[in-house]
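Basis for what follows: all heavy atoms, side chains included, without hydrogens, waters or symmetry-related copies.
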Amino acid sequence: MERLQVGILGATGMVGQRFISLLADHPWFEVKVLAASARSAGKTYAEAVGNNWKIDKEMPACVKDIVVRDVSDVENVAKDVDMVFSAVNMTKDEIKAIEEAYAKTETPVVSNNSAHRWTPDVPMVIPEINSDHFAVIEDQKKRLGTTRGFIAVKPNCSIQSYAPTLAAWAEFEPTQLVVSTYQAISGAGKTFKDWPEMVENIIPYIGGEEEKSEQEPLKIFGHIENGQIVKAAGPQITCQCIRVPVLNGHTATVFINFAKKPTKEQLIDALVNYKGKAQELKLPSAPEQFIQYLTEDDRPQVKADVDYANGMGVSIGRLREDTMFDYKFVGLSHNTLRGAAGGAVECAEMLVALGYITKK
């Protein structure tokens, strides 16, 4: 297939940089336009980023000499691309407005931002779990007055290490979860060089994160009704979110109850055999095995397991019966790959496979 021409909004930030590193050799997408704030506009991408390249791989040569455009000059950015990925750093209202402005130029927007996650006709998708929610795009396009422009989002990075288990275990009807997430500093767009106070430190607060962790899975497991996504009634989730001195990788400890009482063997079997539509379609970014189960007592570990399936897989371990709940376990996912840019790229792949994104 002829590669789609894509733009990256917010290209100079950490998530924008991750988009660039993932798309440099992508079989379906070619980076054509980079956009950022007015202070970066007019500079080459290499000049705009300077010493702030935060990805462990070298900046791809194909983007170094691209002249950065002003992200607020919507028509100028949109005219040369088939779709855009959004990682802009603005207020929530500004993000909502600019993403809708791009959609109204008939340019599909796949966003890493949280601003539109609760817009009722914007699908929030983990491709392995709820790609059927993309059907609401037709209703969104009617609201926007577009024929091919729309917005789709991926969910918060913090839920990726445990929400997939709820899909794998749906037949056993999870009812209650108590979750604690231990979240890497790259989730705040930081490295240890940027944030020296995080060395040997833990901060027991991440603004807005606990509400996202408790509520976003309910939208993912919800259903479409009258052109909107209605969130599921359960399971009940309560969460604490803690920032820890780790660069990449969000770990979750989870206590869980079920309406139907599965055995440990049934739960493990359901995890390792779980496949979603992304696996059926063999999307370029989709791991062949979405969830791996690790039997060692001291796994998953960030250093050993965060890059499982190129950072797009989820690692689960330490599943055992509990004295108060039915079971407890530990999950791990890569927060800037599966949890951010990689998850958005996989959403875009699914949207291409389903015919929602095409050449202009």
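- Summarising the geometry, atom NZ belonging to Lys54 is positioned 10.0 Å from atom OG belonging to Ser186; distances are rounded to the nearest 0.5 Å.
- We find that Lys64 and Glu58 are joined by a salt bridge, their nearest charged nitrogen and carboxylate oxygen being less than 4.0 Å apart.
- Considering all non-hydrogen atoms of both residues, Gly331 and Ile316 come closest at CA-CD1, 3.8 Å.
- Considering only residues two or more places apart in sequence or on other chains, Gln236 meets the side chain to side chain donor-acceptor pair (under 3.5 Å) condition with Gln176.
- In plain terms, the two heavy atoms of Val77 and Val81 that are nearest each other are O-CG2, 3.7 Å.
- A salt bridge is absent between Glu209 and Arg243: the closest approach of a Lys/Arg side-chain nitrogen to an acidic carboxylate oxygen does not fall below 4.0 angstrom.
- Of the charged side-chain nitrogens involved, at least one lies within less than 4.0 Å of a carboxylate oxygen, so that Arg338 and Glu128 count as a salt-bridged pair.
- Residues passing the ring pair (Phe, Tyr, Trp, His ring centres under 6.0 Å) test with Phe329 are Trp169, sequence neighbours excluded.
- Of the residues Arg117, Lys231, Lys154, the one that meets the salt bridge (charged side-chain N to carboxylate O under 4.0 Å, His left out) test with Glu216 is Arg117.
- A salt bridge links Lys328 with Asp322: at least one charged nitrogen is closer than 4.0 Å to a carboxylate oxygen.
- Judged by distance alone, the side chain of Asn130 and the main-chain N or O of Phe221 form no donor-acceptor pair under 3.5 Å.
- Contacts of Phe19 classified as ring pair (Phe, Tyr, Trp, His ring centres under 6.0 Å), with partners at least two apart in sequence or in another chain: Phe85.
- A salt bridge is absent between Arg148 and Glu106: the closest approach of a Lys/Arg side-chain nitrogen to an acidic carboxylate oxygen does not fall below 4.0 angstrom.
- Between Lys141 and Glu138 there is a salt bridge, with a side-chain nitrogen of the basic residue lying less than 4.0 Å from a carboxylate oxygen of the acidic one.
- When the options Asp139, Val122, Ile137 are evaluated for a side chain to side chain contact (heavy atoms under 4.5 Å, CB included) with Phe150, the one that passes is Ile137.
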Next item on the list: Could you walk me through whether Arg143 and Glu100 pass salt bridge (charged side-chain N to carboxylate O under 4.0 Å, His left out), step by step?
Entry: CA-CA 11 Å; Arg143 174 175 64 84; Glu100 284 207 0; 3.1 Å; yes
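- Minimum interatomic distance between Val88 and Asn113 (heavy atoms only, all atoms of both residues): O-OD1, 3.1 Å.
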